[in-house]
**Student:** 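Pasting a structure below so you can have a look.
Worth knowing before you read on, the calculation uses all heavy atoms, side chains too, and leaves out hydrogens, waters and symmetry mates.
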Amino acid sequence: MNKKQKKMLIRIIVAAVLMIGLSFVPVGGYIRFVLYLIPYLVIGYDILIKAAKGIKNRQPFDESFLMAIATIGAIIIGITGDGDYTEAIGVMLFYQIGEWFQSYAVGKSRRNISELMDIRPDYANVEKDGELIQLDPDEVEIGTVIVVQPGEKVPIDGIVEEGVSSLNTSALTGESIPREAIKGDEIISGCINMTGVLKIRTTKEFGESTVSKILDLVENASSRKSKSEQFITKFARVYTPFVVCCAVLLAILPPLVRMFGMGLSADWVIWIYRALTFLVISCPCALVISIPLSFFAGIGGASNAGVLIKGSNYLENLSQTKYLVFDKTGTLTEGVFEVNAVHHNKMEEEKLLEFAALAESSSSHPISKSLQKAYGKVIDRSRVTDIEEISGNGVTAKVDGIPVAAGNAKLMKKLGIEYIDCHHTGTIIHMAVQGEYAGHIVISDIIKPNSKEAIKQLKEAGIEKTVMLTGDMKRVALQVASTLGIDEVHSELLPGDKVSKVEELLERKPERAKLAFVGDGINDAPVLSRADIGIAMGAMGSDAAIEAADVVLMDDDPLKIAKAIKISRKCIRIVYQNIWFAIGIKAICLVLGAVGIANMWLAIFADVGVMVIAILNAIRALFVKRL
């Protein structure tokens, strides 16, 4: 508990003890009124101040105003009646208990998010004249070598220049398994260095680093409201003044009808009491507090599990997902390509690999990197000229002045070169040198260990259709889809084709169902933006993922997709439980209060009791580890 919560708890205990103690003191009249006023002010002074400020600012219709009017009215009835002030104190006491529960629940959720916020670095070590100087991360320029010692946070994205260490990435990924870092590895900010000293050359400014983007994402998540939250906000604006008018009419009309229409006594006290009870019952605290809290708790619990959801609107859409579309490379497969074989080569294998690696040297695609790795030597880019990348086909270039083409069968057909097809499973890179076919290189990707289980869990979670989109060969795509149990496959697609396929699927799906696209977030940004929900896989260090996606999974484990959907559905279930529970109990108690069956104590339950139950229910959205 924080100081504010402790202070409130003390006020609650003091007011409760005083109220119970005064029930045994045999005094009456104004002395009794003054004595009971003490616990009332102890527990309710802040509510009265809020109500006064609301009236002053011409925005009176909130729960503080309702509580103030109801309790002051109950005190007036006590003065003019039998001197019973316990109901007024009780209403305020139990309302504050409800507020305390709300504060505790929000605090619990904030602690979950604060664990993520702990990734914010306080300083960056820069070595000058043999000494380490601590600078504000904002002051560190790109290309600066920073020193990260054991136990310190990595403040800025960069590449390891020197050192070997283990990194704790749990604040980013939700996983406790450390990751090894060696010279040449890309490191993202927010990780904690565990063992050795690392020297890192920064590749970004602090404002553009992963840690800054993630913190900005989480801090602004509450501004993106779901339809449920928007409804509750609009509902409260109309509902509160409406019930105040109803309470005024309930206090005035029945007595007037009794006096002038029926010739009976007005019974003003009875009807004013019923109107006050009606006001207490009508307070929309349970809805106004518990619904945003449920979404806040859901987002907080998800972030603690390594799933960053940009807003409650995305959380709500994710719960309605029925179609799930996957990119293949880096999403369902490792995205780590290896050269497995060289076939039908008309020159030495090493020479063919050299031509392929040099021709592909300007590309950052995993296939290009695998060719460079298989070549195994330093790439001299000055040997390569006239590079032309043909989207969805491959590349052409001149290596040492010799024309070279490296790509798929489409490229060979485009260049009018007869090629030899390969029956091995994998990505086939056909090579042409000086306009003649020189052989092909077989490159294979590996399916992620959890991909098959992820597809199974998604179908168990109610996903109606799984689709895979890839630019890879049809044979390779069909084998991967068959192994994983994916329903529909579209292969040999250009980047623009993926958007078209997603648009086709959006037209085919049921109207209320949502379509989510899962990609690696680097070259899938257009599709991530076009889908109802964009989910970025393997997003550590990827700016494109954080910018384009609605949901970011902070590691590359496809099982997290099913977890994210389960989190969203649990949160939405809790939201609707609270809405129906709160409205149902309120409606029943309002009718009972209007006809005089419900007294102030039942009103307390209808207001505070429902609020406490709804808040406790909302807290369940925090607990997602077992999903």
Side-chain angles (χ1 to χ4, degrees), residues 1-25 27 32-54 62-75 77-78 83-111 276-277 279-290 292-293 296-297 578 582 585-586 589 599-620 622:
M1 286 189 292
N2 56 34
K3 289 182 179 179
K4 187 176 180 181
Q5 289 169 345
K6 288 179 181 178
K7 183 180 177 182
M8 177 55 71
L9 187 60
I10 291 170
R11 286 173 58 195
I12 289 169
I13 293 170
V14 169
V17 169
L18 287 173
M19 185 179 74
I20 295 169
L22 286 172
S23 64
F24 296 101
V25 178
V27 292
R32 180 180 177 84
F33 165 71
V34 171
L35 290 175
Y36 272 91
L37 196 60
I38 295 170
Y40 175 77
L41 293 175
V42 166
I43 196 62
Y45 73 87
D46 53 338
I47 301 299
L48 299 176
I49 292 171
K50 285 180 187 177
K53 286 181 178 178
D62 60 12
E63 58 267 25
S64 296
F65 175 77
L66 297 180
M67 286 297 109
I69 293 296
T71 53
I72 290 171
I75 289 173
I77 289 173
D84 184 8
Y85 307 108
T86 56
E87 284 187 343
I89 299 170
V91 168
M92 197 65 84
L93 178 65
F94 282 96
Y95 175 77
Q96 293 284 40
I97 290 172
E99 289 287 296
W100 185 87
F101 270 101
Q102 177 213 351
S103 174
Y104 178 81
V106 170
K108 176 69 176 173
S109 185
R110 285 193 184 279
R111 280 194 295 276
L276 295 173
T277 303
L279 273 181
V280 175
I281 295 171
S282 65
C283 187
C285 304
L287 285 173
V288 173
I289 293 171
S290 70
L293 178 61
F296 187 75
N578 284 345
I585 297 297
K586 289 282 184 187
C589 292
N599 59 16
M600 196 71 78
W601 292 106
L602 183 58
I604 292 170
F605 169 75
D607 176 43
V608 180
V610 170
M611 180 173 67
V612 171
I613 293 169
I615 287 170
L616 292 175
N617 192 37
I619 292 174
R620 294 194 302 114
L622 283 168

**Student:** Nearest 0.5 Å, what's the CD1-CD1 distance between Ile13 and Ile43?
**Tutor:** 10.0 Å

**Student:** Which heavy atom of Val25 sits nearest a heavy atom of Arg32, and at what distance?
**Tutor:** O-NH1, 4.3 Å

**Student:** Report the distance from atom CD of Gln96 to atom CD1 of Ile12, rounding to the nearest 0.5 Å.
**Tutor:** 6.5 Å

**Student:** Between Ala614 and Asn578, what is the shortest heavy-atom contact and its length?
**Tutor:** O-ND2, 3.2 Å

**Student:** Do Ile72 and Tyr40 have side chains that get closer than 4.5 Å, going by heavy atoms?
**Tutor:** yes

**Student:** Stepwise, does the side-chain contact (heavy atoms from CB on, under 4.5 Å) test hold for Tyr45 with Arg11?
**Tutor:** CA-CA 11 Å; Tyr45 73 87; Arg11 286 173 58 195; 3.4 Å; yes

**Student:** To the nearest 0.5 Å, tell me how far Lys7 NZ sits from Asp46 CG.
**Tutor:** 8.5 Å

**Student:** Looking only at non-hydrogen atoms, find the nearest pair between Leu22 and Leu35 and report the distance.
**Tutor:** CD1-O, 3.3 Å

**Student:** Taking side chain as C-beta onward, heavy atoms only, is Leu48 less than 4.5 Å from Leu41?
**Tutor:** yes

**Student:** For residues Met19 and Ile89, report the shortest heavy-atom separation together with the two atoms involved.
**Tutor:** SD-CG2, 3.5 Å

